[in-house]
Structures are given as structure tokens and as C-alpha cells.
Amino acid sequence: MSKMDVSRRPSKPAAAAGSSLDAKSKHSPSPLKYYADEDPSLKVPAFLYLVNASAICAFFTLLYYLLSRWREKIRSASPLHVLSAPELAAILAFAASSVYLLGFFGVEFFQSLLLRPPSDIWADDGEEERVVSVVAEEGALKAPCGQALDEETTKLEFDPVKPAAPKAKPVETEKWDEPIGLTEEDEKVIASVVAGTTPSYSLESKLGDCRRAAAIRREALQRKTGKSLAGLPLEGLDYESILGQCCEMPVGYVQIPVGIAGPLVLDGREYSVPMATTEGCLVASANRGCKAIALCGGANSVVLKDGMTRAPVVRFGSAKRAAELKFYLESPTNFEVLSSVFNSSSRFGRLQSIKCAIAGKNLYLRFSCSTGDAMGMNMISKGVQNVMDFLQKDFPDMDVMGISGNFCSDKKPAAVNWIEGRGKSVVCEAVIKGDVVRKVLKTSVEALVELNMLKNLTGSAMAGALGGFNAHASNIVTAIYIATGQDPAQNVESSHCITMMEAVNDGKDLHVSVTMPSIEVGTVGGGTQLASQSACLNLLGVKGANREAPGSNSRLLATVVAGLVLAGELSLMSALAAGQLVKSHMKYNRANKDVSKVSS
């Protein structure tokens, strides 16, 4: 093997270097240790290890502290530039530890990169194996590179080496979630989506595989934005089931925990009610209300009305012509013809009424119809379109401005829904014994009646509330809607509720009721057919359509919603009357890993 001049380095006896190479190939000590033993000056002092360890610990401890303080200031909206004495000291100490670590590790690391020669300098021309070595100019010594050497290398001569500076750790960048099983063809599609040549929305139709389309869209999104979706699940959802009816361009799904409140005793039956929510204390509160109702024999409910609405807006050349159409639509003699035209669009949609309102030469037509077990927005829209086409023959000067003119009114608080109703109008009531009020709800009948008057009635009136004469009906409505596949946006009008409380039986017991005029629910269509939501409907016994009595499943679901709202109103109002609201939220609405403390 060719040698380089090593006259400036301590020499090693040739016998020690060559006689036992075969034995050393597996178990020989490292050249660093060998020459540290030969030359004590090459040993690193023990105290230096302690200093380095202390600097590293201080660096990460201070970094964690400063990031924690930063997060707290953002949460509390405190000025970031205002520093306390501990924060200022921490910043200075962090800067000092950073400078020390950079000076100790970083300088020699960059020197080793700049001064490293080509890797074939030390290779022997006569040997088949390549030996990769690192060299430095003053006191440079041969040593194997960080690359793994071939295990078949049987001959390797070590010369004295200088302890190598530890390599700096690469800066960690945000790594996105890479779907498993991406093929070469998938990579081409991803590149095409990123480049903009293939529209993301067309992946399902082009690939014919909804799950694969979601995975490719997800990966393309991560590459374009540089942001990770690692916490958003991809697997576990039937993407075929959402195609064309639930969600477009999916990249995953959001996990929401589902809790069970109950049993809710309603109309002589027991229901375990699923609630999908991320608000701590909500399920526990509703569950306490269910307990109070069950101990008193249960609640009773009545469906007052069942009719979905849609209100197109049309325009005429004059207010007189708009009034003529109004009179035509409201005439009983014309209703039968219009009903026949409307009903021809669906097996279940049946026209109930048409109410009109004029604003100048604009006319708003509010159609109401039954929709079976469907929530019914699409069903009624088709029927309305049929009627509009029919009317165009007798009123050719009618200009249909929109199939929905907000007189319906959908997904907005509106007095027309509060007064006329929309969807299912339900009233639910119960009588709670005085003993149960004291022992379970921890308050008194008198306190509840007074608080309900001051808060739900007078307080809501002072606020100018529209349909909001309740404590938190929307909490319960939204949780059930998400769990059972309803349209969460319709909680706006579905949460219209007035809660009434009064003392009965000579003031000993409490009569409580909720009246909800516009609960919009369905048990078929939309999100109800998804596996998770379908399971929750099945738990309530209202999955799918009722073929024997169309519409009965959706009406039953509406009564369950009202029943659990009643339970939620009872519990929250009791917590407020007893002054327990803050205490209960601190107990149940804060992260606590100790399950025993929560259960106690």
C-alpha cells in the first residue's frame, strides 16, 4: 500500500499495525481510542463532557420555556415585546448557550467540510477494495469515512487519527404525511396536479378510484403548500360513499368524539342519544338532565307541524301584476291544480300551502310541503321548479329571479320560521319533582323559575333575541346533528326555542317545557347514509326510511332532539341557579390525564 509522509505524526510500530489486521477486522478498538491511549494529550477532559451536556440541557430547557411564554402571551393577547426579568434572563442565557454550542461544534464541523480532500487519495491502486479516508493538513491522519465499509474488507491499516469533530444535526423541516403505496404512475399524477395541468377536482373521474384520488390530492396539496396533513386521517373512510353527495375534493376526514347521553325517557320509551362534540361538560350536563327526567316518569312530546319550505322570488313589470299572481296562488280553486303539478316531482313530496309576500313589483312565494323521512330541501326545490315552469305559461312576463329568495328561510335566523315554523314543530314537557330538583339538580324550584324568567325571557328580550329564548338549545341540536348526519348549518333555525318553567302542585314541583318550531332533520339522504352517522341513527331506532309510515322516523328524531334539549336546559339552568357553572367547567372542560379525578 502506498504511504504518505507522516513524519509530523507520532509513528506506530509496524508490527502492531500489520501483524493482527485479520483479528482486528471485527473486534479491533477504534483508531481514536488507540491513539488516545498512546498520547494522553489527545484525551478529552472529563469536565468538558459535563460542560457540553450542561450547555445542551440549558439550550433546550430555555427554548421550551421561551416558547411556552410566547404561547401564553398570544393566548392572553399580551404584548410580545414586554419582557419580565425571568424572560429577559432566559433570552440572554439562551443566546449564550447557542453561541457556546455553535463555537464548540459548528466551527470544526465546517472546517472538516471545507478541508476534506477527494475520497480516493488513500486508495491503494493494487487492491480491489476501496478504502475511504479523511485527511487534514496539520496532523492529518487516515480514518474510515462515515459511510459503511464493506464487511468483506479483510485488510485495513489504520494510521493515527485526530478525534473528529461531531457533526452538526441537520435542521428539522416540517415533514408531511406520505400516503403508503404510491406508485410511479401516482407520482406522475401528483406532479401533474402540482403543476396545474390536471385539475384536482377531476381526479375521481379520471382515476376511477375515489380513495386513490383522495391520497393523490392530499399529497399534491402537501407538496404545493409545504404544510403537513399528518394529523388528518386518510384511511378508514369509504370515499365512494361521499362522492357526489357529501363532499368534493376530499383529502381526509375530521375525527369528532361521540358521547352518549341518557337514557332519555320520552313518550314511554328510552333513548340513548349520541352527541358529537368537542365541548367538555356538554354530554355530562345533558346526561344529568336525562336522569332528572327519568326519575320523574319521563317527558312527553307532540309534533305540531311537519313541512319544509322553499320561497322563490319573481319580478314583474309592475306591482299590479305581482298582486295578480299573489291572488291567483292564494285562491283555493287553483291550489288543486298547483298541488298536482308540484306532487308529480316526487313520491313523498306533497304540497301543503303557498303563502305570498309583496315588496313593490317583487313577489315572494313560500311553498310548504311534506317530505317523508328526508329533510327535503332538494325534494321541495324540484317541486317548486315544476310550479314555476307551469306558471310561466299563464304569466309569461314573470321573471324568476331565484329559486330561493330568503323568505324560506334557510340557515338564517328569521321571524317567519319562528312564527310559521319550518321542518318539524315540536313541543316537549316534563314535571320534575321537588325532591329531584334538590337532590339531583342541586337547586330549588323557586330559584329555577325566577332565573328562567330573568334570563331566558327578560334577558333574551333585552338582547333583541329572535327565537333565542333559551339557555343553550343550539349546543344540544348541533351535537345531535353532527352525530346523525344532519346539516350542521341548519342548527341556526333548528335551535329556535323558548324554554318555560313554572311551579306546579302548590309550588312543590317544576313544570318545564321547550317549544321548537323549526327542527329540520331527516333520516335518509345527505350525511345520514355515511357509516358512522348511520350507526348513530340506528342506535336511536330511526335509521333510513319508514316504509309503513313515511315520515315517522324523521318526526321521531325531531322529538328526541327536543327531548334532549329539555334535559340540557334543565341541567344548565340548575347549574346557573346553584352557582356551579364555572366549577363544573373547570372540572370537565379542561385537559386532565388523571381519569380517577374526573370520575370522582
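Keep in mind that this is a model prediction, so the values were computed, not measured.
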Can you tell me how far the [atom1] atom of [X] sits from the [atom2] atom of [Y], to the nearest 0.5 Å?
{"X": "Met398", "Y": "Arg321", "atom1": "CE", "atom2": "CZ", "result": "10.0 Å"}
{"X": "Glu420", "Y": "Ser518", "atom1": "CD", "atom2": "OG", "result": "11.5 Å"}
{"X": "Met573", "Y": "Leu451", "atom1": "CE", "atom2": "CG", "result": "3.5 Å"}

Any idea which heavy atoms bring [X] and [Y] closest together, and the distance?
{"X": "Ser409", "Y": "Thr309", "answer": "N-OG1, 4.4 Å"}
{"X": "Tyr364", "Y": "Gly405", "answer": "CE2-O, 3.5 Å"}
{"X": "Ser344", "Y": "Asn386", "answer": "OG-ND2, 3.6 Å"}
{"X": "Phe395", "Y": "Leu325", "answer": "CE1-CD1, 3.6 Å"}

Tell me whether [X] is salt-bridged to [Y], with the criterion being a basic N under 4.0 Å from an acidic carboxylate O.
{"X": "Arg555", "Y": "Asp373", "answer": "no"}
{"X": "Lys412", "Y": "Glu493", "answer": "no"}
{"X": "Asp487", "Y": "Lys411", "answer": "yes"}
{"X": "Lys455", "Y": "Glu450", "answer": "no"}

Under 6.0 Å from the [atom1] atom of [X], do we count more than 12 heavy atoms belonging to anything else shown?
{"X": "Glu248", "atom1": "CD", "result": "no"}
{"X": "Arg350", "atom1": "CZ", "result": "yes"}
{"X": "Asn546", "atom1": "CG", "result": "yes"}

Do Thr523 and Leu557 have side chains that approach each other closer than 4.5 Å (heavy atoms only, starting at C-beta)?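 A side-chain contact exists here, since the closest heavy-atom pair is under 4.5 Å.
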
Is there a side-chain contact between Gln533 and Thr484 in this structure, where contact means two heavy atoms from C-beta onward sitting under 4.5 Å apart?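 With C-beta onward as the side chain, the pair stays apart.
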
Criterion side chain to side chain donor-acceptor pair (under 3.5 Å) on Asn343 and Ser339, from CA distance to verdict: CA-CA 6 Å; Asn343 296 346; Ser339 178; 3.2 Å; yes

Spell out, as yes or no, whether a donor-acceptor pair under 3.5 Å connects the side chain of Asp509 to the backbone of Val504.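 Here the side-chain-to-backbone pair does not exist.
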
